[in-house]
Amino acid sequence: MIAMRNGFIWLLCAAMSLTSFSASAQHSGDEQGFDIPDNLQLPQDREALQGALDGWWSEARRNYDERMSWYNDAKFGCFIHWGVYSVPAGVWKGKELGGYTEHLMRKGTIPVEQYKKELVATFNPSEFDADEWMRHVKDAGMKYFIITAKHHDGFAMFPSDAYPYDIRMTAYKGEDLMKQLREAARRNGVKFGFYYSHAFDWEHPDAPGNDWDYDNPGGDKLLGGANWWLGEKKGFLPNAEKYVAEKSIPQIKELIKLYDPDILWFDTPSKLPLYLNVRILEAIREADKDKKIVVNGRLARFASGNLGDYKNTGDRAAYFPNTDGYWESIPTTNESYGYSVVDTVRKSPKHFVQLVASAASKGGNILMNVGPMGNGKWDEKDVEIFRGVGEWLKVNGEGIYGTERTDLPIQQWGVTTWKSDTLYAHVFDWPEGGKLVLGGLRSGIKSAHWVADKSIPVKFSRLNDDDYVIDIPAKPLDDKNSLLAIVVDKRVANSTVRLLDHQRSNRLLVFDAELSGKGLGYGDGKVNRNYVKNWKSNDQTMTWLARLNAPAKYDVYVDYNTVKPDDKGTVVVEIDGKPLRVNYDGFTERQGTKSVKAGTVELTPGEVKCVLKGESYSGSEYMCPMAVRLEAVAKR
């Protein structure tokens, strides 16, 4: 039950528990420790977690805030996927493989020896210029830089004496590429780090992943199952331990010693049992005597915890659930991380400017990826995107860098961030009529100015105890994001209740809902995947709290897709005690997003309760809802 509050509208809709990116899972823990779950898969997992809790992990948490300080302030970084796969760029033997081009070896099932001969031996990035790369990074306004030292193909882009399958085997005979980038980053005041594929390695005969040369588990054939260490492939465990001891840990220690990184980034931990992932993190903390290296959240995580320093969203997320603590999302300029000649469509600078602001408003960072070409140059289309984002940040960066997550509710026109006593209003969608209504601000406003043009006068007045109205120009100052700085006299506890617009559309995203219910989860946040999934029970609910300042009439819609084409059913949107039954048909994620009308409601200022709940379904599960949408009906 949710208590009613006078003057507010409650919007309650059924929900789902969380998967890899959730508020209940993936906690980094705190100085006091973390909970060790009872349902660990292997005895070694419990031993590894207990050892971490009793020793090295707890010790490394002592300077956690200090370690994370620069990362929290940075908000925006550059992710680089670059390797020998960047030369074919998604095409192998005349065939377009598509998807993530850094997965060329796997997608083409290229034998190790052939990969060495045709791609490794011939790799020669003759046009590489570390300073030019770092200029692109600086031009974009990015504060940290992470590059693939070794991706899943197992090939090291640095000279590795620990395991010499590396850059020295190529036609490139110049200075260490990673050293050049490390030094260029220092010269430009950019924090520096590496992506290292610790669990997925298609070259090493004892690593998970290569099932075309070695019949190893962890590949597309799912030999032994997803958790191969519990099935018929459990005898492979000594091999995996050998790989970790022989290649992963020695190379990671080598990176720390040679390049003094500020941050390390890992991925695909599900390819190894938990205890081996924990063992790798322990080795990092031992090698990093000052405990200054930030480690991402895709190394050592389990159902109720994450031993890393922050959490990660899914790949290429465009929508973000509310998440406690530090977190990061990794969008790409196109849809591949490695350079692709197949995927040539690019997102706009506007998309990334708004993405950075949206993440910052929820306390997160954006690590924006680009895949340089095999010759060492960047595609000009990517350079233009970086430059476009940087032009906005050069003027408006104060509303991003060093800010904290907002305590205000969702705004109809954009998002907000805080820095000290200044609230930044990021206006994405310019309101009509010359008035911007700022919902939820209980602090008094001392002054306000447009960051891009302080000469424009800004008049404001209080509507009520929770809201302000601000006069705005007829046109936006910037079509990407017009930034208004609002200085308050004293920060107080603000209203967290969303103010609905009685004259426009209000899209209540499930990612902004308060969730309840077991066995459910979020989609990964990509377009058409910003849903709640695994809805199989009528007990599951999603909740939004909102309010109205004026009467409103809305057409009510539900935006959704389904897991399978034949999934169908009936859900109920109950608003102000009025049930609106919605019959829906199958419409899969590949088809996109479908909207179905639930009905029409008339609301008065005050309380209303809205519940989206299941009635019945056939097929695999209920719909995967993305939003309840309230479309204002114009008065006649």
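Being a predicted model, the structure only gives us computed values, none of them experimental.
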Can you confirm if the NZ or CZ of [X] lies within 45° of the ring axis of [Y] and under 6.0 Å from the centre of its six-membered ring?
{"X": "Lys116", "Y": "Tyr165", "answer": "yes"}
{"X": "Lys271", "Y": "Phe200", "answer": "yes"}
{"X": "Arg61", "Y": "Tyr64", "answer": "yes"}

The salt bridge (Lys or Arg N to Asp or Glu O under 4.0 Å) partner of Asp262 among Arg182, Lys143, Arg67 is Arg182
Quick one: which of Asp201, Asp206, Asp166 gives a salt bridge (Lys or Arg N to Asp or Glu O under 4.0 Å) with Lys247?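 Only one option passes, and that is Asp201.
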Pair [X], [Y]: side-chain N/O donor-acceptor within cut-off below 3.5 Å:
{"X": "Asp343", "Y": "Ser336", "value": "no"}
{"X": "Asn365", "Y": "Tyr326", "value": "no"}
{"X": "Asn561", "Y": "Thr593", "value": "no"}
{"X": "Tyr275", "Y": "Glu241", "value": "yes"}

One pair to check against side-chain contact (heavy atoms from CB on, under 4.5 Å): Val295 and Phe266. What are the steps and the verdict? CA-CA 8 Å; Val295 178; Phe266 300 91; 4.1 Å; yes
Given the rule in the side-chain contact (heavy atoms from CB on, under 4.5 Å) test, do Thr268 and Arg298 qualify, once you have shown the distances and angles that lead to the verdict? CA-CA 7 Å; Thr268 65; Arg298 294 190 186 182; over 6 Å; no
Would you mind telling me which of Phe194, Tyr100, Tyr195, Tyr196 makes a ring pair (Phe, Tyr, Trp, His ring centres under 6.0 Å) with His151? Tyr195
How many angstroms lie between atom CG of Asp153 and atom CE of Met105, to the nearest 0.5 angstrom? 7.0 Å
Say you draw a straight line from CH2 of Trp202 to OG of Ser197; how long is it, rounded to the nearest 0.5 Å?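 With rounding to 0.5 Å, CH2 (Trp202) is 7.5 Å from OG (Ser197).
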Check Asn534 against Gly521 and note the closest heavy-atom contact, atom names and distance. ND2-N, 4.3 Å
Which residues pass the side chain to side chain contact (heavy atoms under 4.5 Å, CB included) test with Ile36, sequence neighbours left out?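 Checked Ile36 against side chain to side chain contact (heavy atoms under 4.5 Å, CB included); matches are Phe34, Leu40, Arg46, Leu49, Gln50, Leu53.
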Is Lys347 paired with Glu335 through a side-chain N to carboxylate O contact shorter than 4.0 Å? yes
